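Naming: A, B, ... by sequence-line order, numbering from 1 per chain. All values derive from a computational prediction rather than experimental measurement.
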Number of protein chains: 2
Amino acid sequence: MRRKPSIEAVAAWIRLMRVQSCVLNTVEHELKEAGFPSLACYDALSELSRAQAGELRPVELEKQMLLPQYATSRLIDRLVDEGLAARRECKADKRGQFVEITEAGRDLQKRMWQAYSAAIEEHVGSKLSDADAAKLCGLLDRLGCSCNEAQALAVRDGASAR
Amino acid sequence: MRRKPSIEAVAAWIRLMRVQSCVLNTVEHELKEAGFPSLACYDALSELSRAQAGELRPVELEKQMLLPQYATSRLIDRLVDEGLAARRECKADKRGQFVEITEAGRDLQKRMWQAYSAAIEEHVGSKLSDADAAKLCGLLDRLGCSCNEAQALAVRDGASAR
DNA sequence: TCACGATTGATGCAGTTGCATCGAGTACGG
DNA sequence: CCGTACTCGATGCAACTGCATCAATCGTGA
């Protein structure tokens with residue numbers, strides 16, 4: 001262990017950091033331009049609308065989104081403030097709650113996907129063939145695994161997906 | 001235009017976002033554990049130490065690091081507060097200044113590289129062959145689009161960006 | 001040489017994030 | 001039933017970020 005990384009590994013690291021932040025910034029900016037809230041907000045709405053009954057425990061949302069607990073708590077605050085979701089009592093566990101997406105939330109999620117998917121197509125899809133995109137997926141997945149485990153455990157204090 | 005992205009493109013996008021943030025968090029966390037400042041700080045020191053005379057105009061640093069102007073200004077504040085860099089008058093242009101890395105800054109940059117490169121090796125290098133790392137680079141570069149210019153040089157010894 | 005637009009860098013403000021910790025509730029062994 | 005350890009979610013605080021705007025200086029064209 002403690003070996004030195006190869007030139008190729010360092011180059012891949014740098015690209016991964018720079019390209020991701022560049023593309024993410026661009027996409028987030030386009031969404032903001034169009035008057036939409038942040039991607040984190042979209043992701044949460046998307047998870048909620050995918051869940052049966054349109055509701056999830058915050059702790060589930062946290063796991064899905066790979067966010068630290070406090071970030072989830074505050075994200076839900078914002079969704080509720082905006083009328084995109086509502087907190088529901090959880091009768092089975094009085095510590096907890098359910099977060100339920102509202103109609104406005106479902107509607108926003110659908111409208112955001114129009115802009116979001118267009119941005120993905122513009123900044124990713126149009127630049128790679130499907131085969132290359134799949135190849136990129138495969139390579140990235142090989143980096144992802146170890147920290148998914150570390151993350152599954154460490155999420156509660158401090159790891160974040162964004 | 002405004003076409004829908006393929007499944008593969010969306011999958012690549014999601015991987016890019018998740019894997020990057022996951023690996024970045026892990027690496028940043030390891031550096032912090034070891035008592036080091038943030039990667040942004042490392043990157044700035046790295047750029048400065050690479051510059052001739054160990055000094056740069058803030059506006060140059062900004063371009064190298066792809067940071068907004070105010071972020072650079074504040075990053076320099078922090079470096080100066082920590083004694084890692086010093087502001088120098090720029091006689092040729094009195095609006096401007098030079099930022100010069102100090103001995104402490106050079107020393108920290110070298111010590112951080114030990115930990116940083118080990119983390120890159122652990123989380124990237126050891127998971128991909130050099131050929132695969134190069135392939136990943138190539139695919140990412142095709143997404144890198146407009147933000148690529150500044151990055152071309154940076155492979156030398158461990159620059160990155162957020 | 002002077003007026004005006006552009007460049008350089010700093011900063012006030014509001015919003016967000018990370019960290020630590022808290023209070024409430026649950027689960028479980030005895 | 002109780003005590004202890006754990007899970008769930010919220011929050012105070014400090015740091016950091018994005019945005020808008022500022023003052024100072026520069027450079028250019030008339």
**Request:** Using side chain to side chain contact (heavy atoms under 4.5 Å, CB included) as the criterion, list what pairs up with Ile14(B), not counting sequence neighbours.
**Result:** Val10(B), Arg18(B)
**Message:** What residues from residues 52-61 of chain B pass a heavy-atom cutoff of under 4.0 Å to DNA chain C?
**Reply:** Arg57(B), Pro58(B), Val59(B)
**Message:** Whole angstroms only, please: what is the CG-P distance between Asn25(B) and dT17(C)?
**Reply:** 13 Å
**Asked** Are Lys32(A) and dG18(D) close enough that a side-chain N or O sits under 4.0 Å from OP1 or OP2?
**Response** no
**Asked** Phosphate oxygens OP1/OP2 of dG9(C): is one of them under 4.0 Å from a side-chain N or O of Ser73(B)?
**Response** no
**Asked** Contacts to DNA chain D from residues 74-83 of chain B, heavy-atom cutoff under 4.0 Å, which residues?
**Response** Arg74(B), Arg78(B)
**Prompt:** How far apart are the closest heavy atoms of Leu56(A) and Glu47(A), and which atoms are they?
**Reply:** CD1-O, 4.0 Å
**Message:** Using whole Å, what does the distance between atom C1' of nucleotide dC8(D) and atom CD of Gln97(A) come to?
**Reply:** 9 Å
**Fill in**
Applying salt bridge (charged side-chain N to carboxylate O under 4.0 Å, His left out) to Asp93(A) and not counting sequence neighbours gives Arg57(A), Arg95(A)
**Asked** To the nearest Å, how far apart are Glu89(A) CD and dA24(C) C1'?
**Response** 14 Å
**Item:** Partners meeting side-chain hydrogen bond (donor to acceptor under 3.5 Å, both in side chains) with Ser117(B) (sequence neighbours left out)
**Value:** Lys4(A)
Listed pairs, N/O of protein and of nucleotides 21-28 of chain D, under 3.5 Å:
residue : atom : partner  : partner atom : Å
dC26(D) : OP1  : Lys94(B) : N            : 2.9

**Complete:** Hits for side-chain hydrogen bond (donor to acceptor under 3.5 Å, both in side chains) against Ser46(A), two or more places apart or cross-chain, chain-then-number order -> Arg50(A)
**Request:** Would you mind reading off the distance between Leu66(A) atom CG and dT17(C) atom C1', rounded to a whole angstrom?
**Result:** 17 Å
**Prompt:** OP1, OP2 of dA10(D) versus side-chain N and O of Arg87(A): anything below 4.0 Å?
**Reply:** yes
**Item:** Residues that Glu62(B) engages under salt bridge (charged side-chain N to carboxylate O under 4.0 Å, His left out), provided they are two or more places apart
**Value:** none
**Message:** If I take atom CZ in residue Arg88(A) and atom P in nucleotide dG9(D), what distance separates them, rounded to the nearest angstrom?
**Reply:** 16 Å
**DNA chain D: 5'-proximal contact among Thr72(A) and His29(A) (nearest heavy atom)** = Thr72(A)
**Request:** Provide the closest heavy-atom pair for Ser6(B) versus Asp130(A) in the form atom of the first, atom of the second, distance.
**Result:** OG-OD1, 2.8 Å
**Request:** Kindly write out the residues that satisfy side chain to side chain contact (heavy atoms under 4.5 Å, CB included) with Ser126(B), not counting sequence neighbours, or none if the list is empty.
**Result:** Glu121(B)
**ring pair (Phe, Tyr, Trp, His ring centres under 6.0 Å) partners for Tyr42(A), two or more places apart** = Tyr116(A)
**Asked** In terms of the nearest nucleotide of DNA chain C, which residue is placed more toward the 5' end: Ala71(A) or Tyr70(B)?
**Response** Tyr70(B)
N/O donor to acceptor pairs below 3.5 angstrom from side-chain atoms of residues 69-81 of chain B, sequence neighbours left out:
residue  : atom : partner  : partner atom : Å
Thr72(B) : OG1  : Pro68(B) : O            : 3.2
Asp77(B) : OD1  : Arg87(B) : NH2          : 2.1

**Fill in**
Those residues at least two apart in sequence (or on a different chain) that pass side-chain hydrogen bond (donor to acceptor under 3.5 Å, both in side chains) with Glu100(B) are Arg88(B)
